[in-house]
Asks: 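Sharing a structure here in structure tokens format.
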Amino acid sequence: MRVAVAGASGTIGLAVVRECMARGYAVTALVRTEAAEKLPELEGAETRVVDLSDPAAVVLALGEAKPASVISCIASRSGSPKDAKAVDLDANLNLLAAAGACDAEHFILLSAICVQRPRLAFQRAKLAFEAALAKADIAHTIIRPTAFFKSLSGQVARVRDGKPFLLFGDGKLTRCKPISDADLARFIVDSVGNAERYGKVLPIGGPGPAISLREQGEMLFELAGKPPRFRSISPRLFMAASRVLSLGAPFSKWFAEKAEYARIAHYYATQSMLVLDEETGEYDADATPEYGEDTLRDHYRAMLATGS
Ligand SMILES: NC(=O)c1ccc[n+]([C@@H]2O[C@H](COP(=O)([O-])OP(=O)(O)OC[C@H]3O[C@@H](n4cnc5c(N)ncnc54)[C@H](OP(=O)(O)O)[C@@H]3O)[C@@H](O)[C@H]2O)c1
């Protein structure tokens with residue numbers, strides 16, 4: 001069975017391609033540059049450079065590959081409103097149309113758990129595509145993971161270098177169940193042709209338990225063998241920055257984008273990456289499904305040991 005993976009050069013796309021190949025699927029990896037085609041991780045896959053903003057090019061690429069399943073791991077790299085619409089919505093719509101045109105049976109979307117409480121342009125773009133996918137005449141599965149290890153690893157070097165760990169507020173404002181690239185890829189590929197998952201929206205976290213930012217810092221200091229040192233930043237700073245930058249937004253794209261980036265920073269400083277209980281409006285760690293075996297602790301330990 002052939003699987004087409006869009007966004008095959010991204011963090012999760014690469015892991016999904018590797019997992020598909022490990023399970024014996026024939027893989028068509030859709031990338032947007034010739035440099036990406038040569039990525040060593042894609043060796044063994046059929047690679048295709050395709051402009052996902054060009055509907056005819058996407059139809060041609062999928063028409064030639066004839067995949068049974070299409071997995072979209074694409075995402076705007078900037079999160080700016082323009083990129084979000086172009087990638088998270090429009091490019092995915094082109095993929096969906098092409099998947100239908102080549103009679104693919106199943107479309108799997110890598111989305112994000114944060115779309116539950118949409119306040120950002122990229123979240124609205126993802127939701128708009130989720131809605132289009134749900135209406136389309138093709139079996140679909142939507143996967144909404146919690147935080148990736150890479151998103152929680154930005155301060156490893158700070159701790160190693162003896163700098164304080166930066167917290168938002170008291171460091172307990174948000175929690176998540178981190179999931180590794182490999183575990184998420186396994187969860188995604190488990191969905192291929194899996195009729196029990198058709199029509200489902202699946203939030204998914206790593207093995208748990210849910211962990212706060214302060215707990216991430218404490219874990220890092222313990223593993224580094226250093227006494228914990230924290231410095232707190234108020235998330236209100238991001239909101240204030242966003243308000244100031246928004247004043248220039250009607251006159252300048254630069255201001256509009258920077259205002260959105262400040263809103264993104266505020267969002268991640270204040271919102272948990274867990275299932276949201278619609279009735280209470282609270283995030284619910286127990287309701288957030290767990291999957292896989294890789295732990296953030298082992299990931300941090302490996303990063304500290306290898307200096308990466
Ligand atoms: N980071 C987190 O903690 C987290 C948590 C939950 C969910 N998510 C979601 O998971 C998804 C994937 O994340 P990731 O970390 O794997 O993303 P990533 O590493 O940034 O990869 C994004 C992929 O999309 C491709 N892409 C971007 N713009 C494109 C365009 N205009 N045309 C075609 N392809 C384009 C990239 O290609 P190039 O390599 O050529 O740029 C790359 O293959 C995102 O939707 C994200 O919101 C992330």
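All residue numbers refer to positions in the sequence shown, counting from 1. Nothing here was measured: the structure is a model prediction, and the numbers come from that model. Hydrogens, waters and symmetry mates play no part in the numbers below; they use all other heavy atoms, side chains included. Atoms within a ligand are numbered from 1 in the order they appear, just like the ligands themselves.
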Asks: Look at the side chain of N194 and the backbone N and O of D190, then say whether any donor-acceptor pair between them is shorter than 3.5 Å.
Replies: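 Yes; judged by distance alone, with no hydrogens or angles, the pair exists.
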
Asks: Any nitrogen or oxygen of F148, side chain or backbone, less than 3.5 Å from one on ligand 1?
Replies: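 Yes, there is a polar N/O contact under 3.5 Å.
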
Asks: In terms of the angle between their ring planes, are F149 and H299 parallel, tilted or perpendicular, with boundaries placed at 30° and 60°?
Replies: tilted

Asks: Under 4.0 Å, heavy-atom basis, I'd like to know which part of M273 is in contact with ligand 1: side chain, backbone, both or neither.
Replies: neither

Asks: Side chain or backbone of V87 under 4.0 Å from ligand 1, or both, or neither, by non-hydrogen atoms?
Replies: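 The answer is the side chain.
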
Asks: With a 4.0 Å heavy-atom cut-off (strictly under), which part of A75 contacts ligand 1: side chain, backbone, both or neither?
Replies: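 Under 4.0 Å from ligand 1, A75 contributes backbone and side-chain atoms.
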
Asks: Closer than 4.0 Å to some heavy atom of K126 - which atoms of ligand 1 meet that?
Replies: 44 (C), 45 (O), 46 (C), 47 (O)

Asks: In ligand 1, which numbered atoms sit nearer than 4.0 Å to a non-hydrogen atom of S151?
Replies: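 In order of numbering, the contacting atoms are 1 (N), 2 (C), 3 (O).
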
Asks: If you take the nearest heavy atom of each of R32, R144, R77, which one is closest to atom 40 (O) of ligand 1?
Replies: R32

Asks: Could you tell me if any non-hydrogen atom of P145 lies under 4.0 Å from any atom of ligand 1?
Replies: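 P145 counts as a contact of ligand 1 under the 4.0 Å cut-off.
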
Asks: What part of A86, side chain from CB on, backbone N/CA/C/O, both or neither, has a heavy atom under 4.0 Å from ligand 1?
Replies: neither

Asks: Any idea which atoms of ligand 1 are less than 4.0 Å away from a heavy-atom of A147?
Replies: 3 (O)

Asks: For atom 37 (O) of ligand 1, state which one of S9, G205, G7, A125 supplies the nearest heavy atom.
Replies: S9

Asks: Considering only heavy atoms of I12, which atoms of ligand 1 have at least one such atom less than 4.0 Å away?
Replies: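 Answer, ordered by atom number: 16 (O).
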
Asks: Can a non-hydrogen atom of K150 be found less than 4.0 Å from any atom of ligand 1?
Replies: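 True for this residue.
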
Asks: Between Q116 and L276, is there a donor-acceptor pair closer than 3.5 Å when you use the side chain of the first and the backbone of the second?
Replies: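 The answer is yes, because a donor-acceptor pair under 3.5 Å joins these two groups.
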
Asks: Regarding R160 and the six-membered ring of Y300, is the cationic atom NZ or CZ under 6.0 Å from the ring centre and inside 45° of its axis?
Replies: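 Ring-cation test returns no.
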
Asks: Can you name the nearest heavy-atom pair linking G162 to R229, along with the distance?
Replies: O-NH1, 2.5 Å

Asks: So, R301 and D298, do they make that salt bridge, N to O below 4.0 Å?
Replies: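 Looking at D298 together with R301, the answer is yes, because their closest N to O distance falls below 4.0 Å.
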
Asks: Looking at L52, which atoms of ligand 1 are within less than 4.0 Å of one of its heavy atoms?
Replies: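 Checking each atom against L52, I get 33 (C).
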
Asks: Give yes or no for whether the N/O distance cutoff of 3.5 Å, strictly under, is met between G10 and ligand 1.
Replies: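 For ligand 1, there is an N or O atom that lies under 3.5 Å from one belonging to G10.
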
Asks: Please determine whether a side-chain nitrogen of the Lys or Arg among E215 and R175 lies less than 4.0 Å from a carboxylate oxygen of the Asp or Glu.
Replies: no

Asks: What part of T11, side chain from CB on, backbone N/CA/C/O, both or neither, has a heavy atom under 4.0 Å from ligand 1?
Replies: both

Asks: Is a salt bridge present between E278 and R117, judged by a nitrogen-to-oxygen distance below 4.0 Å?
Replies: no

Asks: Is there at least one pair of N or O atoms, one from T33 and one from ligand 1, spaced under 3.5 Å apart?
Replies: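 N/O-N/O distance under 3.5 Å: no.
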
Asks: Counting heavy atoms only, which part of T146 comes closer than 4.0 Å to ligand 1: side chain, backbone, both or neither?
Replies: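 It is the backbone that gets close, since no side chain atom is under 4.0 Å.
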
Asks: Tell me whether the centres of the aromatic rings in F230 and F221 are closer together than 6.0 Å.
Replies: yes

Asks: Here's a test for you: under side-chain contact (heavy atoms from CB on, under 4.5 Å), which of V70, I108, V16, I71 qualifies with V3?
Replies: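 So, applying the side-chain contact (heavy atoms from CB on, under 4.5 Å) to V3 and each of V70, I108, V16, I71, only I71 qualifies.
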
Asks: Okay, side chain of K172, backbone of R214: is any donor-acceptor separation there less than 3.5 Å?
Replies: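 Absent.
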
Asks: Considering distance alone, does some N or O of S76 sit under 3.5 Å from an N or O of ligand 1?
Replies: no

Asks: Measuring from the heavy atoms of A36, does anything fall under 4.0 Å of ligand 1?
Replies: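 In this structure, A36 fails to qualify as a contact of ligand 1 - no heavy atom is under 4.0 Å.
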
Asks: Taking only non-hydrogen atoms of S111, do any sit less than 4.0 angstrom from ligand 1?
Replies: yes

Asks: Examine Y198 together with H140 and report whether their ring centres are nearer than 6.0 Å.
Replies: no

